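Here the structure comes first, spelled out in structure tokens, and everything after it is commentary.
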Amino acid sequence: MVWTTTHGYPGIGLKRELKKAIESFWAGESNEDDLSETARALQQQHWREQAEAGVDLIPSGDFTLYDRMLDMSLWLGAIPRRFHKENSLTGPSLLFAMARGTAQSVACPMRKWFDSNYHYIMPELDDFCPGAGEPAGSRSGAKAGAFDPDPTDLVLAFREAQAGGWDTKPTLIGPLTFLALSNADPSAIPDLLRALGPVYGLIIAALAREGADWIQLDEPALILDHTSGYWAAMEEAYAAIAAKKGASNLIVATSYGDVAEAWPALIDLPVDAIALDLVHGPHNRDRLLHSVFPSDKTLIAGVVDGRNIWRMDLAAVLSLLEVLTQKISPERLALAPSCHLFHLPYTIERETSLDPGLADRLAFARERLEELHILQVGINGGRDAIAGALEENRRRFSDHAARPGQTNSAVRERMQKLKESDYARLPYAERSPQQDAALRLPVLPTTTIGSLPQTPDLRKARARYRSGKMNGAIYRGLLQEKIRKAIGLQEELGLDVLVHGEYERADMAEFFAERLEGMTVTQHAWVQSFGTRYVRPPIIYGDIQRRGPMSVQETVYAQSLTTRPVKGMLTGPVTLLNWSFARPDLSHEQIATQLALALRDETMELEAAGIKMIQIDEPAFREGFPLKRGEWPLYLKWAVRAFRLASSGVSPQTQIHTHMCYSDFSSVIASIEAMDADVITIENSRAPLELLRVFGATGYPRGIGPGVYDVHSERVPTVGEMRVLIHRALKVLPRKNLWINPDCGLKTRRMKEVLPALTNMVAAAAQVRDELD
Ligand code: GLN
Ligand code: ZN
């Protein structure tokens, strides 16, 4: 009989219980026992829910207080030396110290997790690569330092589930993924893999002794390009792991895409089951249909989507499974979601204010379990056994297809009529002098990225306004007061280009989603972005169109208060798309085009209202890069075009800015230029040499502001530090192009940090201007 399993369940709780428990622990309002009690209750709840939904093999160890990669670092004893010195740190305090830093030690770096908006804590392995710091070549043959495995958490989770009557599958990040996503130099990875094999072996042995029937190692990194150099070492590592599995069965789980050329290495691993993503890996599907899956292994088929929220077409999935069961015996087939379910919100049940027709078509994590169960019954008992469910599934699809608002003929017609000239402005070389003449800015103009600190009173007022407890006029009055203060403050600081502060926005994607037809926001559909920061991704369900001006009122009000230019502030089409759940019936290119058209209307209205500079933020531009390099050109083509479509309607005198952050940009510079913005402000201060090396090599012929101030830290940078960064930038960038700004928006900082930091930034710019004279 075909069975079912999951790779992990969202941990944040129905009412964000985890966030509340952790933040109160941080605030010193609760202790470690309170925190572990909440964590325990949540895990129990998740096990129970999955069991009740009919999942046959439920994971343990998939729950985390902060991040699973960070957990893995701790379980392997891969703790950077600076935290050893802080003796008092143990348990969750050590975990949170590594994630967030302490007064003495900086935090471990945070990186984007695959092609998602989740950020993981990067394993820092400098102490485990004895050759680190030496040239890459001389490092081979080096033995890794002492990992110090500690499987206690995994063992306890397993036992706890067992006590509740659930025989779970301990689940951990596999060695290849742990290393490929660490800060280790690629050349050191084979040796580290060999060193980690026995270390993992100890953990597996401990779990096997507990009597775990199945143990899962997550290896999503296998779908990345360029892992082939690691396979030989990976085989050795897995041989060492398999030697310790005792009576347990091992699973290697891949997700997020095709395993591509890793296939032969994967099916040869000494494991008992392999999980493949058949939703986001169409070639995985073809490979299964056209080649031989090893008869001694179980296939765990990822058939329900762990990355998007639209219900599955159950009949179509069943057709695939019917073919698969002709090739693979039902005993060796299991069904699963395509990945860990933490990318999905918890349950659609709480979304009482969504349009019922739309809600009817959505499946969050809990609803994915229902789908899994229906599919299991259908493949084991035949379609008749699920006739009712199939009928209901069909109805959901056809009802939705007929919904008004999904197709908007005006939008479709506009898309049809797009011409090449809609994507082009007057060439930069010609429009740039016109802008200079219109704007008359000093050299090294200073600015910020858009948002200013949001205070608790503002958040409270917004919540009251949204729930109808504060009337609109009072709320808008409050916003105006904030804007007025912000403009005065920026003038006093001596900034050259001002912002209105984005006080009306809780979230830069949600804000626009609420104001666009074809998009909607949710009340409770939280998804972890990192740590206790959760976001509610908007849902794109229909054709997108502007209902009316979205940002004009606040921007124009701000501009009315000053003679200095105020930047209009929009979230770009690519970012809006990448941070939303996208409709499945249009291509990303088409959706981005619709978003771009709506934003184009907004830019033109801002311009007509006298705004001379408009910033279109694209912080998620880089994160949308497909995982396979081969697919980059296609993505870049439409993503760049969407930005151009959004920004090319304005006159040559209007200056278009963009902003990017959160990533390494070496691979994007050429595309950034193709976006044809006049100025880009870009995160830089955490890795200044890297970005400037790229510019040193290629130059950058337009306005550019590599951030001189890390907004993610409470630290106030000194004038001297920023002066150094400005001088470094001037070595590779012409002075007429250089802008001076922080790395990113200041929304989450406090005024008491922002004021001195911006004072210093303006002073640093002034000093360098003097030095240049
Ligand atoms: N304009 C936005 C802000 O300042 C940009 C945020 C971002 O890049 N994530 O908040
Ligand atoms: Zn940013």
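Only heavy atoms go into these numbers, but all of them, side chains included; no hydrogens, no water, no symmetry mates. Quick caveat, the model's predicted, so the values are computed rather than measured. Atoms within a ligand are numbered from 1 in the order they appear, just like the ligands themselves. All residue numbers in this chain count up from 1 along the given sequence.
- Close approach of ligand 1 to Met569 (heavy-atom distance below 4.0 Å) involves ligand atoms 1 (N).
- The structure places CD of Glu492 at 9.5 Å from OG1 of Thr759, a figure rounded to the nearest 0.5 Å.
- Shown in contact with Gly450 at under 4.0 Å from a heavy atom are these atoms of ligand 1, numbered in order with element: 4 (O).
- In Arg735, the CZ atom is not crowded: 12 or fewer heavy atoms of neighbouring residues, nucleotides or ligands sit closer than 6.0 Å.
- In this structure, Arg505 does not pair ionically with Asp617, as no charged nitrogen and carboxylate oxygen lie closer than 4.0 Å.
- Listed by first and then second residue, the salt bridge (Lys or Arg N to Asp or Glu O under 4.0 Å) pairs that reach into residues 553-569 come to none, sequence neighbours excluded.
- Of the options Glu618, Arg505, Met660, His659, the smallest heavy-atom separation from atom 8 (O) of ligand 1 is shown by His659.
- Contacts between Pro619 and ligand 1 below 4.0 angstrom, taking non-hydrogen atoms only, involve the side chain exclusively.
- In this structure, Met508 has a heavy atom closer than 4.0 Å to ligand 1.
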Below 3.5 Å, can you tabulate the donor-acceptor pairs from side chains in residues 716-725 to any protein atom, sequence neighbours excluded?
from	atom 1	to	atom 2	distance (Å)
Thr718	OG1	Glu721	N	3.1
Thr718	OG1	Glu721	OE2	3.4
Glu721	OE2	Arg715	NH2	2.8
Arg723	NE	Glu771	OE2	2.9
Arg723	NH2	Glu771	OE2	3.3

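- Each of the following atoms of ligand 1 lies closer than 4.0 Å to a heavy atom of Ile449: 1 (N), 4 (O).
- Within ligand 1, counting atoms from 1 as listed, the ones closer than 4.0 Å to a heavy atom of Asp617 are 1 (N), 2 (C), 5 (C).
- Near Ser451, the atoms of ligand 1 lying under 4.0 angstrom from a non-hydrogen atom of the residue are 3 (C), 4 (O), 10 (O).
- In this structure, Lys482 places its NZ atom where more than 12 heavy-atom neighbours from other residues, nucleotides or ligands lie under 6.0 Å away.
- With Asp678 as reference, Arg425 is the one residue of Gln655, Arg425, His657, Arg702 to meet the side chain to side chain donor-acceptor pair (under 3.5 Å) rule.
- Residue contacts with ligand 1: Lys747 is placed with no nitrogen or oxygen under 3.5 Å of a nitrogen or oxygen of the ligand (distance criterion only).
- Close approach of ligand 1 to Gly745 is summarised as follows: ligand atoms under 4.0 Å from at least one heavy atom of the residue are 3 (C), 4 (O), 10 (O).
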